[in-house]
Amino acid sequence: MDKEFLVDAQHLYRYYGPTCAVQDVSFQLAKGDVLGFLGPNGAGKSSTMQMLTGNLAPSAGKIRVRGIDLLDEPKRAKRELGYLPEQPPLYREHSVDEFLSYCGRLHLVPKNRLRQALDSAKERCGLGAVGKRLIGNLSKGYQQRVGIAQAILHNPAVVILDEPTVGLDPIQIREIRHLIRELGNDHGIILSTHILPEVQGVCNRVQIINQGRLVFADSMSGLEQHLHSQHLIIRLRQIPSIDELTQVPGIVAAEALDTGHFRLRYEGANPASAVAEIAVARGWGLEELVPERRTLEQIFVELTMQDHVPQDTANGEAA
Ligand code: ADP
């Protein structure tokens, strides 16, 4: 069964002295998965990523990469892994070509295949025109592409990216996310981030870590459902009373946010169409009616309070 998974992590723990940074984390990565590993700063993302890549020894637990035990056979297992750490190890005084051929040798790419591996990684990362440029002279977005190119150079089955868009401007972020989506066609990807839209834009599965523990694991659509609260936000030109609003079928509470702007809580099915019909019929001057979206922080609080721990997330189904 293990062989089917690109990554199978079982009961990982990591202590730093008395601090338990990662606590009983288990999950699997299947072929075709782009798994978002989401959590606030200090949650344990980097520690988990470093354990998955063989750069940090777990205090307890097992990691298999394509069925190969990472702790027993690190060299073999690491051939299947590409890693972009949070601080990419780039040599600023090297040209892109020099740096990538150095990385190719580190990744044990055979000499007669190095040129082709280099060309292919550069092409996939949009670096074709900058091979001779010094890394230190490239923009941060291009430097990040170089970091991703070194991670895919040896064509690993799994690519692990730790906070890959931190410090980039909005255009660079879009480009890097596009690149990650493309890489998802050929590799299993684990992407750590503290940015919710990043997983929404790129991933098909998501797991949330908080204080070292996995508190949520589901498909992207499962997370989307959690993002919807039982609230509608409405903006009206003619201001009704709170009583009039709570008389709309389905609405159980209304709260004025500011002039003409209300937050309506409902129970059961979303009553937006009834609200809109009544608003129009009574001439309230409907300007806006939208579902309220929860923030990631609210979801963290909710999930942590529920202590919703997934059992088996291999197929992306809710636990
Ligand atoms: P994240 O990547 O989600 O920000 P980290 O894995 O970096 O989280 O950190 C998890 C926890 O472990 C934090 O409380 C952090 O302070 C602590 N930690 C991380 N690295 C070390 C270390 N080398 N020594 C001591 N504590 C550490």
Side-chain angles (χ1 to χ4, degrees), residues 7-29 33-63 65 70-71 74 78 81-90 140 143-144 147-148 151 158-168 173 176-177 180 188-203 205-218 220 223 226 294-305 307-310 313:
V7 174
D8 184 10
Q10 293 288 341
H11 306 292
L12 293 181
Y13 286 79
R14 173 68 206 197
Y15 288 88
Y16 296 106
T19 310
C20 189
V22 176
Q23 202 175 342
D24 200 15
V25 165
S26 299
F27 65 92
Q28 290 83 26
L29 183 79
D33 275 346
V34 181
L35 172 65
F37 204 58
L38 194 59
N41 284 325
K45 300 184 297 296
S46 287
S47 301
T48 307
M49 298 287 133
Q50 287 174 36
M51 288 193 279
L52 292 178
T53 53
N55 289 298
L56 181 71
S59 306
K62 280 241 164 252
I63 300 166
V65 184
L70 179 64
L71 300 172
K78 282 186 190 181
L81 292 171
Y83 178 36
L84 176 69
E86 198 177 345
Q87 308 286 344
L90 300 175
K140 187 111 188 1
Q143 290 183 0
Q144 199 65 329
I148 294 175
V158 180
V159 180
I160 297 180
L161 307 169
D162 196 354
E163 305 258 5
T165 61
V166 164
L168 302 184
I173 288 176
I176 293 295
R177 286 182 187 162
I180 295 169
I189 299 205
I190 302 177
L191 165 83
S192 93
T193 178
H194 62 279
I195 307 162
L196 179 59
E198 190 133 301
V199 288
Q200 288 174 306
V202 175
C203 302
R205 279 179 57 210
V206 60
Q207 52 194 32
I208 299 178
I209 186 167
N210 193 34
Q211 297 184 346
R213 285 176 154 273
L214 282 189
V215 291
F216 181 84
D218 205 338
M220 206 52 239
L223 179 67
H226 270 268
R294 286 199 179 102
T295 65
L296 195 53
E297 283 67 29
Q298 287 168 323
I299 291 181
F300 283 139
V301 171
E302 182 198 326
L303 292 172
T304 323
M305 304 270 279
D307 207 17
H308 170 117
V309 181
T313 62

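For ligands, and for the atoms within them, numbers begin at 1 and follow the listed sequence. For clarity, every value in this text was computed on a predicted model and none was experimentally measured.
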Run Leu52 and Ile63 through side-chain contact (heavy atoms from CB on, under 4.5 Å) and show every step you take. CA-CA 7 Å; Leu52 292 178; Ile63 300 166; 4.2 Å; yes
In this structure, does ligand 1 have an atom that sits under 4.0 Å from one of the heavy atoms of Gly212? no
If we set the cut-off at 4.0 Å for heavy atoms, which region of Ser192 has an atom near ligand 1: side chain, backbone, both, or neither? neither
Could you check Leu161, Leu168, Ile160 and say which one makes a side chain to side chain contact (heavy atoms under 4.5 Å, CB included) with Pro164? Leu161
Evaluate side-chain contact (heavy atoms from CB on, under 4.5 Å) for His11 paired with Lys62, printing each intermediate quantity in order. CA-CA 7 Å; His11 306 292; Lys62 280 241 164 252; over 6 Å; no
May I ask you to check if ligand 1 and Ser47 share an N or O to N or O distance below 3.5 Å? yes
Got Asp218 and Leu223 here, is their nearest side-chain heavy-atom distance under 4.5 Å? no
Please name the residue in the list Leu38, Leu191, Ile180, Ile176 that meets the side chain to side chain contact (heavy atoms under 4.5 Å, CB included) test with Glu198. Leu191
Is there a side-chain contact (heavy atoms from CB on, under 4.5 Å) between Phe27 and Ile190 once you walk through the steps? CA-CA 11 Å; Phe27 65 92; Ile190 302 177; 4.1 Å; yes
What residue and heavy atom of the protein are closest to atom 20 (N) of ligand 1, and at what distance? Tyr16 CZ, 3.4 Å
Taking NZ, NE, NH1 and NH2 as the nitrogens, is one of them in Lys45 or Glu163 under 4.0 Å from a carboxylate oxygen of the other? yes
Is there a polar contact between ligand 1 and Ser46, counting only N or O atoms under 3.5 Å apart? yes
Just need the protein heavy atom nearest to atom 4 (O) of ligand 1, so name the residue and atom and give the distance. Gly42 N, 2.7 Å
Enumerate the atoms of ligand 1 whose separation from the nearest heavy atom of Pro40 is less than 4.0 angstrom. 3 (O)
Below 4.0 Å from any atom of ligand 1, is there a heavy atom belonging to Asn41? yes
Is there side-chain contact between Leu81 and Leu70, with at least one heavy-atom pair below 4.5 Å? yes
Any protein heavy-atom neighbour for atom 10 (C) of ligand 1 (distance below 4.0 angstrom)? yes
Quick check: do Phe216 and Gln207 have side-chain heavy atoms less than 4.5 Å from each other? no
Might you check, step by step, whether the distance between atom 16 (O) of ligand 1 and some protein heavy atom is under 4.0 Å? no
The atoms of ligand 1 lying under 4.0 Å from a heavy atom of Ala43, numbered in the order shown, are 1 (P), 3 (O), 8 (O)
Atom 8 (O) of ligand 1 [closest protein heavy-atom partner, distance rounded to 0.1 Å]: Gly44 N, 3.0 Å
Return the residue, atom name and 0.1 Å-rounded distance of the protein heavy atom closest to atom 12 (O) of ligand 1. Ala21 CB, 3.3 Å
